[in-house]
Amino acid sequence: MNIILLGPPGAGKGTQARILVKAFDMVQLSTGDMLREAKNSGTQMGERVAGVMARGDLVTDDIVIGLIREKLTESSGSRFIFDGFPRTLAQADALGSLLHDVGATLNAVIEMRVDDDALVRRITARSTCTNCGEVYNDDTKPQPYNGKCINCGGTEFTRRADDNADSLRQRLMEYYKKTSPIIGYYFAKGLLNPVNGLGEIEVVHSEIIHVLDQ
Ligand code: AMP
């Protein structure tokens with residue numbers, strides 16, 4: 001079972017991916033996390049993409065396809081959740097070939113639908129545990145009162161540098177210009193399954209499970 005979680009920034013892709021990883025022993029492949037890791041560890045590629053990410057632009061297809069290719073070969077035989085990839089038609093085509101090369105197929109694309117106004121609030125209210133990446137939200141899932149992450153007990157929480165109004169506007173623009181065409185692409189392939197991303201975390205999870213059960 002290999003699936004894509006598709007949706008604009010703040011749709012809840014990362015949150016849902018983490019729940020699926022725990023529940024079904026799947027492997028989350030988040031190109032955003034991989035790029036942030038490269039940036040934080042100061043690799044040459046990380047330095048090249050830092051400015052692009054801060055502005056909210058998309059990193060080049062070659063770079064992200066290369067990252068995914070590496071992970072697919074490293075963990076071949078796993079069940080993958082693609083989170084934040086593909087984001088362009090070229091990436092969607094490349095994913096098809098990469099999966100074919102490792103003898104795997106794509107089973108479902110979950111489109112997480114959310115209202116644009118809700119995204120802005122979600123993004124600006126978002127923080128994560130620095131240690132394990134557990135996602136918190138000031139409104140719906142605040143950081144614990146005892147200051148310890150519910151998942152790992154970590155005590156440091158960070159807000160992403162690109163979770164600000166300017167960068168978000170550009171990330172949304174990139175989504176509508178370059179990523180939204182892949183909704184039609186996967187619809188035509190018979191793989192598209194929309195879910196309402198605005199519900200409670202557990203409700204959205206149940207909707208996703210319902211899709212995967214079919
Ligand atoms: P995310 O964590 O998925 O919101 O991604 C954060 C940033 O990383 C994006 O705004 C892009 O700059 C970059 N990025 C992540 N995934 C991709 C991708 N598949 N293609 C191009 N850029 C990406």
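Counting starts at 1 for both ligands and their atoms, following the listed order.
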What residue and heavy atom of the protein are closest to atom 11 (C) of ligand 1, and at what distance? D57 O, 3.4 Å
Specify the closest pair of heavy atoms between A118 and L198, including all atoms of both residues, with the distance to one decimal. CB-CD2, 3.6 Å
protein heavy-atom neighbour closest to atom 7 (C) of ligand 1 works out as M53 CE, 3.9 Å
Around atom CD of E74, are there more than 12 heavy atoms of other residues, nucleotides or ligands at under 6.0 Å? yes
Just to confirm my output: which protein heavy-atom neighbour is closest to atom 14 (N) of ligand 1, and how far is it? L35 CD1, 3.4 Å
Does any non-hydrogen side-chain atom of D162 lie less than 4.5 Å from one of R55? no
Pairs of nitrogen or oxygen atoms closer than 3.5 Å, one from T31 and one from ligand 1: do any exist? yes
In the protein, what heavy atom is nearest to atom 10 (O) of ligand 1, and what distance, to one decimal place, separates them? R171 CG, 3.8 Å
How long is the span from the CG atom in N164 to the CZ atom in R159, to the nearest 0.5 Å? 12.5 Å
Closer than 4.0 angstrom: is that true for some heavy atom of M34 and an atom of ligand 1? no
Per-atom contacts, ligand 1 versus R36 - under 4.0 Å to a heavy atom: 2 (O), 6 (C)
What are the atoms of ligand 1, with element, lying closer than 4.0 Å to any heavy atom of G84? 16 (N), 17 (C), 18 (C), 19 (N)
Approximate separation, where rounding is to 0.5 Å, of I150 CD1 and C132 SG: 8.5 Å
Exactly one candidate in I65, I4, L6 meets side chain to side chain contact (heavy atoms under 4.5 Å, CB included) with P86; the answer is I4
Say you draw a straight line from CG of L5 to CG of L20; how long is it, rounded to the nearest 0.5 Å? 6.5 Å
Numbered in order shown, the ligand 1 atoms found under 4.0 Å of a heavy atom of Q91 are 18 (C), 19 (N), 20 (N), 21 (C)
Under 4.0 Å from ligand 1, counting heavy atoms only, is it the side chain of K13, its backbone, both or neither? neither
Who's the nearest protein heavy-atom neighbour of atom 22 (N) of ligand 1, and how far? V59 N, 3.0 Å
Tell me, which protein residue and heavy-atom name are nearest atom 4 (O) of ligand 1, and how many Å apart are they? R160 NH2, 3.0 Å
Would you mind checking which non-hydrogen protein atom is closest to atom 9 (C) of ligand 1, with the distance to 0.1 Å? R87 NH2, 3.9 Å
Distance (rounded to the nearest 0.5 Å) between R48 CZ and I63 CD1: 4.5 Å
What part of L58 sits under 4.0 Å from ligand 1 if we count only heavy atoms: the side chain, the backbone, both or neither? both
Need the ligand 1 atom indices (1-based, order shown) with element for anything under 4.0 Å from a heavy-atom of V64. 17 (C), 18 (C), 20 (N)
Applying the salt bridge (Lys or Arg N to Asp or Glu O under 4.0 Å) criterion to E134, which one of K148, R18, R126 satisfies it? R18
Any carboxylate oxygen within less than 4.0 angstrom of a Lys/Arg side-chain nitrogen, looking at R113 and E111? yes
Is E174 close enough to touch ligand 1? Criterion: a residue heavy atom under 4.0 Å from a ligand atom. no
